[in-house]
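Here the structure is laid out as structure tokens; the discussion comes afterwards.
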Amino acid sequence: MPTPLPPDWSDRLAIDRAHVWHPFTQMQIHEADPPVPVVGAEGCDLLLANGERVLDGISSWWTCLHGHGHPRLVSALERQAARLDHAMFAGFTHEPALELVARLRPKLPPNLTRAFFSDDGSTAVEVALKMAFQAQLQRGEQGRDRFGALRGGYHGDTLGAVGVGELENFLTGLFSPLLLACDRLEVPEDPRREIQADLTGWPARLELARRNMQGFFAEKGERLAAFIAEPLIQCAGGMRMWPPELLQELRVQCDQHGVYLILDEVATGFGRTGTFLACEQAGVAPDLLCLSKGLTGGTLPLSMTWATEAIYGHFWGTPASGRAFLHGHSYTANPTACAVAAASLALFDDEPVLANAQALAAAMREAFTSLASHPAVRQARSLGTLGACRLVDPATGKTHAPEARFGWRLHRLALDHGLLVRPIGDCLYLMPPLSTPPERIREAAEELVHLLNN
Ligand SMILES: Cc1ncc(COP(=O)(O)O)c(C=O)c1O
């Protein structure tokens with residue numbers, strides 16, 4: 001049984017029920033099951049209004065890196081907000097943006113030299129799509145009015161981003177009359193990431209996927225402005241881990257067909273996969289890179305789209321040339337968010353953040369190894385600090401029917417046992433802050449086994 005809420009929360013929840021519309025939610029569920037009030041956060045834990053402490057097993061939607069309320073991020077926020085909270089970025093510049101750029105640039109592939117700021121992952125993707133299309137036009141490629149993307153990808157919820165995403169739900173289907181023209185390519189999951197890997201026939205399947213990719217570009221390449229992909233893990237698509245060899249082939253094909261490669265590291269960036277960027281593991285550098293979520297360590301919204309000098313060059317001209325990139329947001333390069341992001345990057349330099357992530361990755365592998373043989377679990381796998389598996393009904397070995405809302409029930413039950421997980425469909429995963437002590441992951445795995453047993 002959940003611990004009851006203090007009485008003063010009943011009035012506040014009445015306001016929520018009367019006036020608030022929550023994201024990704026069929027609001028009817030909150031009639032019987034109101035949203036969980038959260039009143040604080042410390043390190044890798046969220047503190048709930050009922051006095052419970054829960055491990056933030058999904059880094060508050062994959063944002064939190066160094067733990068909640070890290071003193072260096074909090075003091076950067078306070079200092080900057082008091083000095084210059086916000087100023088417009090068109091025609092102005094400021095120290096926090098420049099410090100952030102100076103700290104981040106050396107951590108990125110060297111070909112990415114130009115940073116454009118926006119507010120969240122979706123807008124970082126919008127910027128990349130618009131930049132790619134306009135750059136193609138301005139370098140004289142008139143017929144490139146389509147995009148390429150991976151099947152089952154997710155790049156955000158604005159219409160441009162939805163147009164290049166593809167999840168088997170309304171996100172793509174319902175809005176299809178409004179979306180960009182997009183050609184989709186399927187890549188296989190990489191069985192080498194699985195704990196109980198069956199590699200029978202894998203080299204042949206990998207080769208087939210490579211030839212399929214070559215065929216896709218031979219047929220569609222000349223119409224594509226850019227191809228967008230989440231490197232190595234399609235996160236919202238159900239933590240689909242795909243082979244680095246195919247990311248390398250994607251780079252080759254984009255080069256051969258004059259297509260810009262956009263890598264969306266909104267979820268995979270900042271150490272989640274064990275390296276600073278996931279694309280490093282394939283030795284691939286994109287033409288456009290989207291970053292957000294962990295950019296500020298999970299404290300404030302901010303995003304960046306990094307471009308090559310060649311792309312930047314296609315926008316260069318006199319004011320009358322009409323070549324400028326006419327895009328921006330009220331809060332572009334918000335100084336407070338930039339200062340926090342710079343402080344988060346300083347932590348990567350001053351503390352063993354990536355070494356801690358490696359230790360966390362080892363604990364994650366162990367945790368999913370202990371889950372792998374559970375009868376309710378299939379396809380347990382991990383990559384870096386991210387572990388995932390498929391949940392099935394142990395009686396039938398099949399996925400639970402959607403109407404059973406098994407994932408949601410597990411989410412609510414786990415909260416009563418000190419753990420925040422939020423399965424995506426049948427995919428149960430952990431993606432905790434990089435600073436999470438490895439023993440907390442062992443405990444989380446034990447708790448999950450216990451919950452799945454009951
Ligand atoms: C890979 C990827 N791109 C883009 C986005 C959109 O980011 P935001 O929710 O900040 O708009 C997400 C969000 O989960 C994501 O996982």
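We count ligands from 1, going down the list as the structure has it; atoms in each ligand are counted the same way.
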Inset, instruction - Give a yes/no verdict on whether any heavy atom in Gln234 is under 4.0 Å from an atom of ligand 1. - result: no

Inset, instruction - For ligand 1, note which part of Trp61 has a heavy atom under 4.0 Å away: side chain, backbone, both or neither. - result: neither

Legend entry - Residue Ala267 vicinity, atoms of ligand 1 by number, heavy atom under 4.0 Å: 16 (O)

Inset, instruction - Check for a donor-acceptor pair, side chain of His411 on one end and backbone N or O of Val421 on the other, with a separation under 3.5 Å. - result: yes

Less than 3.5 Å between some nitrogen or oxygen of [X] and one of ligand 1, yes or no?
X	answer
Val125	no
Ser292	no
Ser122	yes
Asp264	yes

Students should be able to answer this: which protein heavy-atom is nearest to [atom], and at what distance?
atom	value
atom 7 (O) of ligand 1	Gly121 CA, 3.2 Å
atom 12 (C) of ligand 1	Tyr154 CE2, 3.6 Å
atom 16 (O) of ligand 1	Trp62 CZ3, 3.4 Å

Legend entry - For His66 against Gly297, the heavy-atom pair lying closest together: CD2-CA, 4.2 Å

Under a 4.0 Å N-O cut-off, is there an ion pair linking [X] with [Y]?
X	Y	answer
Glu194	Arg381	no
Glu42	Arg53	yes
Lys107	Asp349	yes

Inset, instruction - Run the ring-centre check on His327 versus His329 and record whether the distance is less than 6.0 Å. - result: yes

Legend entry - Selection from Asp119, Val266, Leu302, Leu295 by shortest heavy-atom distance to atom 5 (C) of ligand 1: Val266

Inset, instruction - Report yes or no: is the cationic atom of Arg139 (NZ for Lys, CZ for Arg) under 6.0 Å from the centre of the six-membered ring of Phe315, at an angle within 45° of the ring normal? - result: no

